[in-house]
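Only one structure is covered here, and it is reproduced in the block below.
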Amino acid sequence: MTNERTGTPLVEMRDISISFGGIRAVDGVSLDLYPGEVVGLLGHNGAGKSTLIKCLSGAYQADSGKFYVDGQPATINSPRDSRDLNIETIYQTLALADNLDAASNLFLGREITTPLGFLDDGQMEAETRKIIARLNPNFKKFKEPVSALSGGQRQSVAIARAVYFNARILIMDEPTAALGVHETEMVASLIKELKNQGLGIFLISHDTREMMDLCDRVAVMKNGQLIGNERVEDVTEDDILSMIIMGKNPKAAA
Amino acid sequence: MTDTPDSSSDPHAPKAQNVNLLRKFLNGTEIDTRLLGMFGALALIWLGFHFYGLIFKGFGAMLTPRNLWNLSVQTSSIGIMATGMVLVIVTRNIDLSVGALVGVTGMTMGILQAEIFPQYIGLGHPMMWVITAICGIALGTLIGSFHGWLIAYRDIPAFIVTLGGLLVWRGTAFLANNGKTISPLDDTFKLLGGGPYGTIGATGSWIVGLLACAVVIFMLYNGRRKRSVHGFAKRPMWGELTVGGLSCGMIIGAVLLVNAYPWPKGIVKQYAAANDITVPEGGLFISHGFAIPVLILLTVGILMTILVNRTRFGRNVFAIGGNPEAAALAGINVKWMTLKIFALMGALAGLAGVVASARLNSATNALGLLDELYVIAAAVIGGTSLAGGVGTIYGAILGALVMQSLQSGMVLIGFDTSIQQIVVGSVLVFAVYLDNLYRKNAK
């Protein structure tokens, strides 16, 4: 286990802060992520988890603080910057355009074009069929707009998007919130598979048990601050809960 | 999984045989039911007005080559703008200023070709029409970009910006020439609006028609080939043949129609005198053929269809309409796209200004009055959803034809302007209601 933490971290966020109208949503948080590691972010609603992660994915711009990718300083001002660093995000709200089909969504903003600059829909659909067959063999509705798909199928599209473009750092904001039991298992096994391929994953969830199962490390936030950052072997579920609720790290106190 | 195409072979549904036959037809040809509905509405309007005229007036004027030819010309400027309005509405915006833009660009072009350019290049210069048209389209683009900038970068709602624009540019059109009408326009320029000389004649129309048929066949063939390359399901052969046959049939029908409308006697005499042709005893039959504004509309329609379906720009427009937040998170610059869409709308309004002023052979400050409503109605009747994300170019052009047919039909049977307005307004509301029903059923 320990050998995963050696070498350069995939991502390092140093002293990130961002405020909205006088409220410090994220207050001087530093967090890192190593290849093949799953780091869980926990905390109440409004604790700043999603905001922190949106700074990394380029949806928000941090007021202060620095990002390092592979040890190199990185500037993230837009979702495109983040993508160029091979950071892919699966949002809580499933950022899909409901009126478009799976292939159009998968390639949204990165469409495959023919040498003449026109869209190559056939190629995109073929690639989509290939990647989704791997993730969710039951997926058949390639021609229909994604509004016609079930929650799990939509999640497959969102995950396929991240996987297809060779993400090295994957951010998943409550990927199983809208899913049934079977589909949740599918996502869990996928997370394990991606982890084995050496991806670094930030996982946000409210389900403490699920987090204990999937993550290597958990980071707990409260009121925009990082309360604890512990390896799962070193803490109990109760420790995590007390960090979420009390905002105190029992490990640090001991 | 009861709604697979195979359901037509279900032995337990003898009653649904007809329904299944229709579904099989629609699946095989991949014809949109909405498209079918539009053609149905058009046929209903045409036949309705024709037989109303036949029964109550003793003469059905609707389905004559002359009227349908006129209809095609009248549809042009609304149709051109409706293609742009699709993009605007798809991205959840609206543009109320297009009519005023037609007015201000038309007026500007009138002044340019009648007063300003003659000072430099002389009256009747052969290049006058091109320079004037380019200036008009450029002005439209500029104003559209300005609207787009206010909407995207200054966060003023499109409704307000373009409502303001409607008043501002209509007022500007008046002030530009103190409300005076400019007429006549440049001789070549006015051909862009149609009229007997502004047509391509019988031979030209056949060439255009046959070329169009060739393109249809090539596209069907190419589509089939592409599906084979990736191993996707292909249309059945009979489906391809039906689509090809119907499309080519309609094109050839249109050519026969426009060629069946001859020049009026006076124009023939004038033309014969100018070209030293002796008119035979029974008169000379010179066909109109396709009018130039109609060809402009068709060209715009094709280019816009390519833009919407085949380019990254078009795909991103629809993504923004479906989910603006997702589009932004996918790295699409939504603000810049919005500006470009309004710039394009402005350019098309400028082009419509060219066609509209050329058709009237004059520039007046009332040019394009109330056009914004017809354009929006055309797009909406053509299936563009005001909720965003849904719409087609061909639908908008057909929608423009439907609106214009209604209008023209009512003029033919002698309805007052006031009744025309009541009917057009009611039809618009009813069409959107039908569309809602259609969408609910489609789900």
Side-chain angles (χ1 to χ4, degrees), chain A residues 54 57-60 77-84 88-101 103-114 116-130 140-148 154 157-158 161 165 171 173, chain B residues 1 3-5 27 30 89-92 222-235 303 305-337 383-385 387-392 439 442-443:
Chain A
K54 280 188 174 164
S57 67
Y60 295 149
N77 288 326
S78 72
R80 206 170 272 272
D81 290 344
S82 176
R83 283 185 163 185
D84 290 344
E88 293 286 338
T89 312
I90 296 165
Y91 291 95
Q92 190 175 5
T93 46
L94 293 174
L96 300 177
D98 278 340
N99 54 332
L100 302 180
D101 60 14
S104 304
N105 267 294
L106 203 153
F107 288 95
L108 192 56
R110 288 179 283 203
E111 293 82 0
I112 300 178
T113 52
T114 61
L116 288 173
F118 294 115
L119 292 177
D120 194 341
D121 279 319
Q123 186 66 29
M124 285 194 269
E125 188 181 331
E127 295 287 331
T128 306
R129 282 174 187 268
K130 246 186 272 170
K140 293 281 182 287
K141 294 181 173 173
F142 288 96
K143 286 287 180 196
E144 287 169 61
V146 294
S147 59
R154 289 160 61 84
V157 176
R161 175 152 75 182
F165 290 100
I171 301 169
D173 192 349
Chain B
M1 278 292 133
D3 54 348
T4 50
N27 278 331
E30 293 176 9
I89 298 180
V90 159
T91 51
R92 306 183 183 188
N222 201 34
R224 196 174 173 82
R225 191 185 56 84
K226 267 189 191 154
R227 291 196 198 190
S228 320
V229 168
H230 295 293
F232 301 154
K234 276 178 286 203
R235 254 200 282 244
L303 292 178
T305 303
I306 293 172
L307 182 75
V308 162
N309 292 335
R310 310 285 335 144
T311 70
R312 199 172 263 183
F313 177 86
R315 184 59 48 83
N316 291 352
V317 164
F318 279 81
I320 292 170
N323 187 343
E325 205 191 353
L329 291 173
I332 296 169
N333 190 338
V334 177
K335 287 176 191 291
W336 179 227
M337 286 288 293
T384 308
S385 162
V390 182
T392 57
R439 271 178 229 279
K443 267 184 190 173

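Chain naming here is simple, since letters A, B, ... match the order of the sequence lines and numbering starts at 1 in each. Note that these values count all heavy atoms, side chains included, but never hydrogens, waters or copies made by symmetry.
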Once rounded to the nearest 0.5 Å, what's the spacing between atom [atom1] of [X] and atom [atom2] of [Y]?
X: A:Arg110; Y: B:Ile332; atom1: CZ; atom2: CD1; answer: 10.5 Å
X: A:Thr113; Y: B:Arg315; atom1: OG1; atom2: CZ; answer: 12.0 Å
X: A:Asn105; Y: B:Asn323; atom1: CG; atom2: CG; answer: 8.5 Å

Please classify the contact between [X] and chain B as side chain, backbone, both or neither, with a heavy-atom cut-off of under 4.5 Å.
X: A:Ser78; value: neither
X: A:Asp121; value: both
X: A:Leu100; value: side chain

Residue pair B:His230 / A:Gln123, side-chain heavy-atom distance below 4.5 Å: yes

So, the side chain of [X] versus the backbone of [Y]: is there a donor-acceptor pair under 3.5 Å, distance only?
X: A:Asn99; Y: B:Val390; result: no
X: A:Arg80; Y: B:Leu329; result: no
X: A:Asp98; Y: B:Gly322; result: no
X: B:Arg312; Y: A:Glu111; result: yes

When A:Ser104, A:Gly117, A:Ala59 are compared by non-hydrogen pairs under 4.5 Å with chain B, the top option: A:Ser104

Taking every heavy-atom pair that is under 4.5 Å apart, which of A:Ala126, A:Ser147, A:Gly109 has the most such pairs with chain B? A:Ala126

Go through the atoms of [X] and report whether side chain, backbone, both or neither lie under 4.5 Å from a heavy atom of chain A.
X: B:Asn309; result: backbone
X: B:Ile320; result: neither
X: B:Phe232; result: side chain

Considering non-hydrogen atoms only, spot the tightest contact between A:Ala97 and B:Ala326 and give its length. N-CB, 4.3 Å

What residues form a side-chain contact (heavy atoms from CB on, under 4.5 Å) with B:Ala328, not counting sequence neighbours? B:Val334

Under the side-chain contact (heavy atoms from CB on, under 4.5 Å) rule, collect the residues that match up with A:Ser82, sequence neighbours excluded. A:Ser57, A:Ile76, A:Ile87

